[in-house]
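Written below as structure tokens is the structure these notes are about.
Proteins get letters first, then strands, A, B, ... in listed order; numbering begins at 1 in each. No hydrogens, no waters, no symmetry mates; every other heavy atom, side chains included, goes into these values.
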Number of protein chains: 2
Amino acid sequence: MATRPVTDTTPQAPAAPNPSFSPLYQQIKDLITRGLQGGEWKPGELIPSESELARRFGVSQGTVRKAVDELAAEGLLLRRQGRGTFVSTHHEERVKFRFLRLVPDGEGMAPQPMERQFLECKRVRATHEVARALGVKPGDGLTQVRRLLLLQGRPVVYEEIYLAGAAFRALTAERLESYRGPLYALFESEFSTRMVRAEERLRAVNATPQEAQWLQVDPGQALLLVERVSFSYSDRAVEFRRGLYNTQHHHYRNELS
Amino acid sequence: MATRPVTDTTPQAPAAPNPSFSPLYQQIKDLITRGLQGGEWKPGELIPSESELARRFGVSQGTVRKAVDELAAEGLLLRRQGRGTFVSTHHEERVKFRFLRLVPDGEGMAPQPMERQFLECKRVRATHEVARALGVKPGDGLTQVRRLLLLQGRPVVYEEIYLAGAAFRALTAERLESYRGPLYALFESEFSTRMVRAEERLRAVNATPQEAQWLQVDPGQALLLVERVSFSYSDRAVEFRRGLYNTQHHHYRNELS
DNA sequence: GAGTGGTCTAGACCACTCC
DNA sequence: GAGTGGTCTAGACCACTCA
């Protein structure tokens with residue numbers, strides 16, 4: 001890793017107006033992000049202290065602080081006073097439901113001990129729709145996973161998951177079955193792929209006979225269709241997910257601000 | 001407005017460990033929020049400069065900066081380099097679709113020139129469900145608005161809106177009809193109520209015959225039910241909204257991070 | 001007690017907007 | 001050119017964690 005920010009002048013030296021001006025802290029952000037992406041610091045690990053990073057990058061601690069602040073706000077890092085700054089991970093309890101926004105209707109925010117039932121894991125070719133979402137060519141190879149999420153033995157979510165990237169060739173039904181913990185934690189630990197953010201599109205649809213059977217509802221029953229594209233570092237689209245939620249006793253929770 | 005932060009010691013003076021410790025910038029945030037809430041600075045207006053606020057509150061500019069930064073991140077203020085800091089408003093183009101997350105299916109982010117059709121505006125008594133959402137007593141008086149949103153002449157959204165607070169007694173169908181611009185902008189300008197954040201619960205439901213008629217779809221058609229509670233300053237619940245979205249050619253867009 | 005992040009200050013200079 | 005927010009620095013002290 002470089003020991004100097006990407007700039008021609010020392011920080012204090014007066015510089016001519018720069019048309020492609022990029023603040024120092026932004027460059028530090030990029031350097032840290034590169035370290036995360038390259039695996040220098042792995043999810044769950046402690047990164048160097050602010051003063052250490054300031055020394056390493058040749059900037060003041062305040063500048064490192066601003067960079068780390070923003071990365072923490074974006075969810076890539078996690079600051080803990082007195083302990084240090086950690087790389088975010090899907091293994092933490094705190095963030096397990098950051099991506100699954102479905103919660104039981106009762107007011108009590110009961111954490112949901114969801115059971116999982118994997119139906120299938122195979123290699124498929126990308127359809128036009130999935131290819132567009134993932135930014136690959138139609139016909140390219142993808143890994144597909146189909147599964148159910150159940151609450152108290154009753155199916156609540158049916159999902160089809162499409163994964164891009166050669167790494168996921170190695171994913172097997174056996175590995176999915178045996179793994180305890182969130183899917184994204186598995187991807188992180190064994191496929192070096194951390195999901196950083198996602199975009200979702202929601203629709204209400206009437207259950208087809210097939211879908212009705214999977215979710216044990218009547219055909220025509222209204223279901224919440226959730227299409228998600230998940231991105232890893234550097235906005236690389238990695239996963240496309242098509243989920244059908246039975247919202248008779250659950251709802252999708254969202255906050256606007 | 002106070003000219004000193006709420007603290008017994010001068011900022012530099014060493015203080016005994018404080019069990020109910022609150023950082024200075026947090027106190028400044030509260031003071032600014034109180035100014036917004038009390039109408040000292042109205043939506044769209046310019047607030048004093050950082051150095052002016054620092055002088056007024058007797059703290060350093062850096063402390064004011066941190067307070068304003070957070071208020072801007074929360075959407076209450078809007079910073080514009082070279083011009084100053086403004087109170088956020090629903091009148092701005094930029095934030096018009098911050099609360100309505102429904103967008104047309106086409107990739108092109110075509111701004112939607114939605115027509116509105118007000119069906120009714122009357123005083124009603126709060127049902128248990130609405131009372132709980134708004135934190136009022138069942139049976140309390142509320143103002144109810146029912147309306148349709150249309151795109152190219154076709155209804156896409158049916159909404160029932162419940163407004164708490166004596167101010168909204170004065171709301172009339174005529175005023176709604178004649179007002180150009182978002183509903184929240186009207187509330188801001190004429191009812192001194194700025195919506196700051198909202199919580200939504202989404203479900204898929206089958207259209208009742210009545211609902212099907214409003215939205216010109218077949219009975220049983222899957223619709224997206226969006227229940228929203230909107231909050232003004234100090235987390236005061238002001239509005240409950242029950243919306244039915246036809247998602248055949250639109251979808252609800254959400255970002256996770 | 002040592003080390004970490006969190007707060008606060010003071011001062012400098014830069015980029016942007018408007019007169 | 002004056003005024004605003006934006007960046008950057010240097011140094012001090014505080015709150016928290018852990019050994």
Side-chain heavy-atom pair His251(B), Glu227(A) within 4.5 angstrom cut-off: no

Student check: side-chain heavy atoms of Ser189(A) and Tyr179(A) closer than 4.5 Å: yes

Give the rounded distance in Å between these two atoms: [atom1] of [X] and [atom2] of [N].
X	N	atom1	atom2	result
Leu46(A)	dC16(D)	CG	P	19 Å
Glu70(B)	dG6(C)	CD	C1'	12 Å
Ile28(A)	dC8(D)	CD1	P	9 Å
Gln61(A)	dA12(D)	CD	C1'	12 Å
Phe86(B)	dG3(D)	CZ	C1'	13 Å
Asp69(A)	dC8(D)	CG	C1'	15 Å
Gln81(B)	dC18(C)	CD	P	12 Å
Arg55(A)	dT9(D)	CZ	P	15 Å

Pairing partner of dC18(C) (Watson-Crick or G-U wobble, both distances under 3.5 Å): dG1(D)

Mate of dA12(D) where both pairing distances stay under 3.5 Å, Watson-Crick or G-U: dT7(C)

Can you find a side chain N or O atom of Thr85(B) that sits less than 4.0 Å from OP1 or OP2 on dG5(D)? yes

Would you say Lys66(A) places a side-chain N or O within less than 4.0 Å of OP1 or OP2 belonging to dT7(D)? yes

For the residue pair Arg101(B) and Glu255(B), what are the closest heavy atoms and their distance? NH2-N, 4.2 Å

Of the non-hydrogen atoms in Pro48(A) and Arg56(A), which two are nearest, and what is the gap between them? CG-NH2, 3.5 Å

Of all the choices, [options], which nucleotide is nearest to the side chain of [X] once you look at every atom?
X	options	result
Ser60(B)	dT9(D), dC8(C), dT7(C)	dC8(C)
Leu24(B)	dT9(C), dT4(C), dG5(D)	dT9(C)
Arg83(A)	dT9(D), dC16(D), dC18(D)	dC18(D)
Ser49(B)	dG5(D), dC16(D), dT9(C)	dG5(D)
Tyr25(B)	dT9(D), dT4(D), dC8(C)	dC8(C)

Taking any heavy-atom pair under 4.0 Å as a contact, classify Arg80(B): base, sugar-phosphate, or nothing. sugar-phosphate

Nearest heavy atom decides the nucleotide; on that basis, is Thr63(A) or Gly82(A) closer to the 5' end of DNA chain D? Thr63(A)

Is it the case that over 12 heavy atoms from other parts of the model lie below 6.0 angstrom from the CZ atom of Arg169(B)? no

